Visitor: 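A single structure is presented below for examination.
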Amino acid sequence: MEKRFDPQSYERRWQAFWRDHHLFRARSGADADGAGAGRPFCIMIPPPNVTGKLHIGHALQSALQDLVVRWKRMQGFNALWLPGTDHAGISTQLMVERQLEAEGTSRREVGRERFEERTWEWKHKFHSNIRQQLEVLGASCDWSRERFTLDDGLSTAVRTAFVRLYREGLVTRGEYMVNWSPALQTAISDLEVETREVKGKLYHLAYPVADSDQRLVVATTRPETLLGDAAVAAHPDDPRYRSLIGGFAVLPILGRLLPIVADSHVDPQFGTGLVKVTPCHDPADYEIARRHGLVGEKVIGPDGRMTAAAGPDYAGLDRYEARRRVLERLTADGLVVRVEDHVHNVGHSQRSGEPIEPLLSTQWFCDMTAMAERALEVVRTGELELRPSSWDKTWEHWLADIRPWCISRQLWWGHRIPAWYDRAGGCHVALDREEAERMAGTDELEQDPDVLDTWFSSGLWPFSTLGWPDPEAPDLGTFYPTDLLITGFDILFFWVARMTMMGLHFTGETPFRAVHLTGLVRDADGEKMSKMKGNTLDPMDLVEEYGADALRFTLCALDAPGRDIPLDLERMAGYRAFGNKIWNATRFALSRIGEAEVQAELDLAGLEAPERWILSRFSRTAEEVGARFESTRFDEACNRLYHFFWGELCDWYIEFAKPALSGAAPRPRVGEVLLTVLDRSLRLLHPVMPHLTEELWQRLPGISRLGFSALAVARYPEALAEWRDDAAEQTIETVIGVVGRVRSLRAERGLSPKLDGRLFLEAGEPAILESLVGQRALVESLTGSSALQCGRAGDHAIRDRVAGIDLALEIDLPGLDHGEMERLRRELERLEVEIQSAEGRLANPQFIDKAPPQVIAGNRERLGELQERRRLLVDQIRSGA
RNA sequence: AGGCCCGUAGCUCAGUUGGUUAGAGCGCAACGUUGACAUCGUUGAGGUCGGUGGUUCGAGCCCACUCGGGCCUACCA
């Protein structure tokens with residue numbers, strides 16, 4: 001076996017092996033019902049945007065999903081991890097537009113049809129990228145079931161869903177205030193708006209009162225919208241303006257008369273207590289205007305420029321240029337009373353970054369209230385579990401106050417809205433054009449030019465990918481509802497909530513039983529990764545440097561619930577070293593076990609304590625790891641795997657095995673046990689480190705008789721009651737305690753490990769002493785001592801007490817020097833403090849009265865041990881002095 | 001404005017239903033290498049758990065207040 005541990009040398013090979021043997025293909029329909037098919041288990045991938053390459057967040061989620069699906073598969077489940085990609089309307093369109101721009105043309109110039117072709121070409125190119133990257137990570141997806149949100153099946157699902165919602169009256173078309181992105185030239189949903197704090201100005205502007213020489217001062221951050229004002233409003237109880245209500249103000253520049261109205265939305269404390277009302281360009285003003293039956297002018301167009309309604313001086317100007325001009329004019333007219341600095345929140349387009357423009361616009365909306373009600377309920381009842389549950393309140397908060405979802409986008413890349421208009425303006429919503437023509441009674445129809453919000457199709461993902469709306473679809477019957485969703489908290493509302501609502505609405509069931517929400521991957525300093533900062537890590541680079549398994553282990557081990565993930569490369573190097581450890585432990589075993597083979601069933605009869613100990617520890621570990629996988633505590637599962645393999649199997653058991661394997665102190669079937677534990681350990685680790693474990697497992701002698709074609713489909717280990725052995729654990733724990741203490745004693749005194757020492761067990765419970773003597777060979781070899789015996793050592797021996805045993809190390813050494821004396825005195829002081837506190841506690845009648853008996857007994861035992869150590873220490877100091 | 005999360009060793013983080021002796025990895029120090037692994041081994045130093053008060057026989061863990069950091073939701077022009 002190669003001495004060097006080199007993940008690059010085998011990772012791709014096993015990916016190809018798994019793929020070529022179709023090990024990850026799930027069974028459905030009649031095939032899944034057959035004997036031995038296993039219960040179905042399904043995870044849907046959060047489909048990455050087809051535009052890009054995978055980032056580290058994808059790597060995290062893929063590592064976790066793959067862990068779960070591999071684990072379930074090894075448990076005998078008919079496990080499906082369904083992969084796919086999302087067409088990602090806006091970002092894909094932007095990329096292709098950028099490409100066209102580089103070619104000196106534009107989407108409008110090439111036309112819709114050609115543009116869509118170009119985008120499909122783009123899609124094909126990047127799509128294979130993503131698939132390949134997932135494979136490099138070791139993802140055990142069922143590629144035969146791969147889906148794309150724009151493929152035929154999913155498009156049918158999207159149209160079906162839209163038509164049904166329309167016929168149910170939940171999807172409607174109408175003119176409302178929407179978030180408009182002037183850069184993208186499309187409406188966007190509330191979720192795609194990100195509020196940022198902006199340092200701006202608050203302008204106090206004077207509006208003359210009609211038929212009076214009075215002036216009203218309004219405060220606004222957006223003077224340019226004045227051109228579209230429809231009123232001036234004050235709070236009804238504001239005494240300053242009460243007398244003016246019902247009168248009129250004169251709109252500066254344009255000279256229009258504006259009614260002065262009372263509306264309780266106005267905050268008398270803010271600004272001047274007077275608001276200019278611009279119904280078409282401010283959501284709050286829109287509401288005020290609606291309440292008072294006012295209409296306003298649209299003075300800003302979809303392109304962010306002023307419209308003709310703004311008057312000839314401003315028409316065609318950019319909104320910010322118009323602001324400057326309006327201010328100039330007002331200043332000249334002496335109407336700018338005051339300008340204050342003002343920090344306020346402004347909505348920005350998440351995609352394109354520019355301030356969004358609230359605009360009155362005709363769009364398609366989906367009423368979410370009823371669906372949200374059910375989504376709330378399933379979390380309340382536990383039918384759907386959010387992990388960690390701290391997200392429950394956020395879920396409540398958002399869903400309880402949900403507003404209509406603007407689902408139409410003025411884009412070209414996406415699902416075209418299945419609505420057709422006849423010449424008379426009649427709207428026909430249908431599954432396809434033919435149906436629409438039948439409904440309209442004419443073929444002179446024009447399809448709505450808009451497409452649907454990308455998240456509309458993503459919202460159907462858990463069932464559209466399985467064949468919905470076909471009720472007979474075999475995959476749907478077998479795998480829906482799915483079991484677990486693993487995704488980032490950042491798309492809880494965008495995606496998880498919408499899938500839940502749509503799933504409940506269309507299938508009557510929650511699309512998954514649990515959602516595991518991951519944090520954000522940050523750099524080692526906890527900074528958010530961003531291209532701007534240049535601190536991004538490309539998972540493919542990390543695979544190259546550390547191997548996919550180390551990357552996976554790191555990501556899984558850092559996935560603590562409700563926390564972001566600080567990705568520390570030193571830590572990843574540590575887990576690569578863990579791989580090296582596993583590699584070398586296996587290499588050691590293979591070189592020393594002679595004819596031994598892995599056993600399917602281990603005969604426990606006649607095994608000695610070290611063997612019984614490691615089997616018992618393994619069984620316990622398997623139980624703990626399984627429980628933590630089940631509860632998606634991947635961090636804890638990984639820590640246990642790490643500590644078992646390194647801290648127990650390598651640090652102790654292999655050391656115990658050495659004298660036995662070398663023949664110095666033979667024990668029955670030690671090679672067999674070592675190999676079998678190794679086999680089971682590799683299985684246990686496989687879901688996290690699939691490549692390394694497969695590579696090593698395939699080399700173990702005897703695996704061909706286990707009946708598995710690969711580790712990836714071997715049986716996952718479970719806790720075995722017959723492997724549990726408390727007596728062996730107790731014995732070996734004592735050995736470990738004694739060995740550790742003797743090593744400390746030597747190290748503290750600076751005694752070379754080569755100096756032979758004679759180890760005496762001076763006192764202790766006879767049974768424990770006996771079991772320890774039974775492990776004489778181990779204790780001697782691990783402490784560098786000889787002649788382990790019960791009995792009294794010479795006066796100058798070093799003495800200590802551990803695990804109820806008084807031990808003494810007799811070694812030919814010079815007397816204690818001053819420094820060592822000091823150290824012993826400090827140790828004594830420390831002991832005194834602890835003894836005092838333990839005594840105090842035990843002397844407290846209330847403690848004795850109320851604490852549970854085990855706690856009291858534990859304290860007593862500990863006090864005894866402390867007192868005994870004190871006695872030995874005092875002796876030591878006396879004899880040294 | 002409302003909600004959520006975090007503050008534990010030099011760094012990054014664990015710490016289950018409160019049980020008295022707070023853990024890990026990395027880093028650091030000393031020692032160790034012909035026989036699995038220097039991507040290693042052994043030993044060690046280092047925290048009183050952001051602060052204050054409370055509940056309790058007992059608090060890192062529960063409660064209140066408070067300071068600091070982060071995030072989300074929200075139409076104050």
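Numbered from 1 within each chain, the chains take letters A, B, ... in sequence-line order. Source: prediction; values computed, not measured.
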Visitor: What I want to find out is whether Glu839(A) reaches Arg860(A) closely enough, with some N-O distance under 4.0 Å, to be called a salt bridge.
Guide: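 Looking at Glu839(A) and Arg860(A), the cut-off is not met.
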Visitor: Under the 3.5 Å rule, do the base of rC75(B) and the side chain of His265(A) count as making a donor-acceptor pair?
Guide: yes
Visitor: Salt bridge check, Arg222(A) against Glu224(A): does any charged N sit closer than 4.0 Å to a carboxylate O?
Guide: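 Judged by the 4.0 Å cut-off on N to carboxylate O distance, Glu224(A) and Arg222(A) do form a salt bridge.
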Visitor: Less than 4.0 Å between a side-chain N and a carboxylate O, is that true for Glu624(A) and Arg620(A)?
Guide: no
Visitor: Between rG46(B) and rA1(B), how many Å separate the two P atoms, rounded to a whole number?
Guide: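 Looking at atom P only, rG46(B) and rA1(B) are 46 Å apart.
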Visitor: OP1 or OP2 of rG41(B) versus the side-chain N and O atoms of Lys581(A): is any pair under 4.0 Å?
Guide: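 Checking Lys581(A) against rG41(B): at least one side-chain N or O falls below 4.0 Å of OP1 or OP2.
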Visitor: Of the nucleotides rC71(B), rU12(B), rC57(B), which has the atom closest to the Pro566(A) side chain?
Guide: rU12(B)
Visitor: Tell me which nucleotide among rC57(B), rA77(B), rU39(B) gets nearest to the side chain of Ala851(A).
Guide: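 The listed nucleotide nearest to Ala851(A)'s side chain is rC57(B).
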Visitor: Select base, sugar-phosphate, or nothing to describe what Pro845(A) touches, counting heavy atoms under 4.0 Å on all strands.
Guide: nothing
Visitor: Taking pairing as Watson-Crick or G-U wobble with both contacts under 3.5 Å, can you name the mate of rU33(B), or confirm there isn't one?
Guide: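 rU33(B) is unpaired by these criteria.
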Visitor: Let me know the distance between CZ of Phe493(A) and C1' of rA74(B), rounded to the nearest Å.
Guide: 12 Å
Visitor: Walk along nucleotides 21-32 of chain B from 5' to 3' and tag each nucleotide B, S or - by protein heavy-atom contact under 4.0 Å, base first, then sugar-phosphate.
Guide: B--S-S------
Visitor: Report the residue (Thr221(A) or Ala573(A)) whose heavy-atom-nearest nucleotide on RNA chain B is the more 5′ of the two.
Guide: Ala573(A)
Visitor: Set out, in order, the CA-CA distance, both residues' side-chain angles and the distance that settles salt bridge (charged side-chain N to carboxylate O under 4.0 Å, His left out) for Glu865(A) and Arg869(A), then state yes or no.
Guide: CA-CA 6 Å; Glu865(A) 184 101 2; Arg869(A) 290 193 69 192; over 6 Å; no
Visitor: Between rG32(B) and rU21(B), how far apart are the two C1' atoms, rounded to whole Å?
Guide: 30 Å
Visitor: P atom, rU20(B) versus rG60(B): distance in rounded Å?
Guide: 11 Å
Visitor: Figure out the CH2/C1' separation between Trp398(A) and rC71(B), and round it to whole Å.
Guide: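 It is 17 Å, rounded to the nearest whole Å.
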Visitor: Using a heavy-atom cut-off of 4.0 Å across all strands, would you classify Ala747(A) as base, sugar-phosphate, or nothing?
Guide: sugar-phosphate
Visitor: Taking the side chain as everything from C-beta on, heavy atoms only, tell me whether Met572(A) gets closer than 4.5 Å to Leu542(A).
Guide: yes
Visitor: Measure from CG on Asp651(A) to P on rC37(B) and round the result to the nearest Å.
Guide: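 Rounding to the nearest Å, CG of Asp651(A) and P of rC37(B) are 15 Å apart.
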Visitor: So, is Lys3(A) close to the rC37(B) phosphate, meaning a side-chain N or O under 4.0 Å from OP1 or OP2?
Guide: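 Indeed, a polar side-chain atom of Lys3(A) lies that close.
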Visitor: Does the side chain of Arg563(A) get closer than 4.0 angstrom to OP1 or OP2 of rA14(B) through an N or O atom?
Guide: yes
Visitor: Using whole Å, report how far CG of Leu590(A) lies from P of rC37(B).
Guide: 14 Å
Visitor: With sugar-phosphate meaning primed atoms plus P, OP1 and OP2, does Ala557(A) contact a base, only sugar-phosphate, or nothing at under 4.0 Å between heavy atoms?
Guide: nothing
Visitor: Select one nucleotide: of rC5(B), rU42(B), rA77(B), the one nearest the side-chain heavy atoms of Arg743(A).
Guide: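 The answer is rU42(B), which lies nearest to the side chain.
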Visitor: Is the phosphate of rG3(B) approached by Lys393(A) (side-chain N or O, under 4.0 Å from OP1 or OP2)?
Guide: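 For Lys393(A), the contact criterion (side-chain N or O under 4.0 Å from OP1 or OP2 of rG3(B)) is not met.
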Visitor: Taking for each residue the nucleotide of RNA chain B bearing the nearest heavy atom, is the 5' side occupied by Trp652(A) or by His344(A)?
Guide: Trp652(A)
Visitor: Write down the partner of rU20(B) under the Watson-Crick or G-U wobble criteria, each distance required to be under 3.5 Å.
Guide: none
Visitor: Taking the side chain as everything from C-beta on, heavy atoms only, tell me whether Leu537(A) gets closer than 4.5 Å to Met529(A).
Guide: yes
Visitor: Measure CG/Asp401(A) against P/rU73(B) and give the value in whole Å, please.
Guide: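 Whole-Å distance recorded here is 13 Å.
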Visitor: Which part of the nucleic acid does Glu655(A) contact within heavy-atom distance under 4.0 Å: base, sugar-phosphate only, or nothing?
Guide: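 Result for Glu655(A) = base.
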Visitor: So, for Tyr642(A) and Tyr575(A), is the gap between ring centers shorter than 6.0 Å?
Guide: yes
Visitor: Between Asp263(A) and Arg291(A), is there a side-chain N and carboxylate O pair less than 4.0 Å apart?
Guide: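 Salt bridge: yes.
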Visitor: Look at the side-chain N and O atoms of Thr278(A) and state whether any lies under 4.0 Å from the OP1 or OP2 oxygen of rA77(B).
Guide: no
Visitor: Between rG18(B) and rC4(B), how far apart are the C1' atoms? Round to whole Å, please.
Guide: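 Nearest-Å result for rC4(B) against rG18(B) at atom C1': 24 Å.
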Visitor: May I ask which nucleotide in the shown strands pairs with rA9(B), Watson-Crick or G-U wobble, both distances under 3.5 Å?
Guide: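 WC or wobble partner does not exist here.
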Visitor: Taking atom P in both rA24(B) and rC67(B), what distance in whole Å separates the two?
Guide: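 Nearest-Å result for rA24(B) against rC67(B) at atom P: 35 Å.
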Visitor: Considering only the P atoms, how many Å lie between rC11(B) and rG54(B), rounded to the nearest integer?
Guide: 31 Å
Visitor: In terms of side-chain heavy atoms of Leu191(A), which of rU39(B), rA14(B), rU73(B) is nearest?
Guide: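 The closest nucleotide is rU73(B).
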Visitor: Is Glu194(A) paired with Arg196(A) through a side-chain N to carboxylate O contact shorter than 4.0 Å?
Guide: yes
Visitor: Can you measure Asp564(A) atom CG to rG7(B) atom P for me and round it to whole angstrom units?
Guide: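 Distance check: Asp564(A) CG to rG7(B) P gives 13 Å.
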Visitor: Under the rule for side chain to side chain donor-acceptor pair (under 3.5 Å), what residues qualify as partners of Arg841(A), not counting sequence neighbours?
Guide: Asn859(A)
Visitor: Name the closest nucleotide to the Arg830(A) side chain, picking from rA77(B), rA45(B), rG70(B).
Guide: rA45(B)
Visitor: Rounded to whole angstrom, note down the C1' distance from rU56(B) over to rA14(B).
Guide: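 Taking atom C1' in both rU56(B) and rA14(B), they lie 26 Å apart.
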Visitor: rA74(B) phosphate, OP1 or OP2: any side-chain N/O from Arg403(A) under 4.0 angstrom?
Guide: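 Arg403(A) to rA74(B) OP1/OP2: side-chain N or O found under 4.0 Å.
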Visitor: Starting at CG of Asn345(A) and ending at P of rC72(B), how long is that distance when rounded to a whole Å?
Guide: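 Going from CG in Asn345(A) over to P in rC72(B) covers 12 Å.
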Visitor: Within this structure, what is the CZ-to-P distance between Phe847(A) and rG58(B), rounded to whole angstrom?
Guide: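 Computing the Phe847(A):CZ to rG58(B):P distance gives 11 Å.
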Visitor: What does rA1(B) pair with, Watson-Crick or G-U, if both distances are under 3.5 Å?
Guide: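 By the stated definition (distances under 3.5 Å), rU73(B) pairs with rA1(B).
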Visitor: Under 4.0 Å: is that the gap between some side-chain N or O of His342(A) and OP1 or OP2 of rA77(B)?
Guide: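 Result: yes.
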Visitor: Counting Watson-Crick and G-U wobble pairs only, both distances under 3.5 Å, name the nucleotide matched with rC62(B), or none.
Guide: rG54(B)
Visitor: Write down the distance separating the P atoms in rG69(B) and rC26(B), rounded off to the nearest Å.
Guide: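 So the two P atoms sit 32 Å from each other.
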Visitor: Would you list the pairs meeting side-chain hydrogen bond (donor to acceptor under 3.5 Å, both in side chains) in which at least one residue belongs to residues 390-402 of chain A, sequence neighbours left out?
Guide: Arg380(A)-Glu396(A)
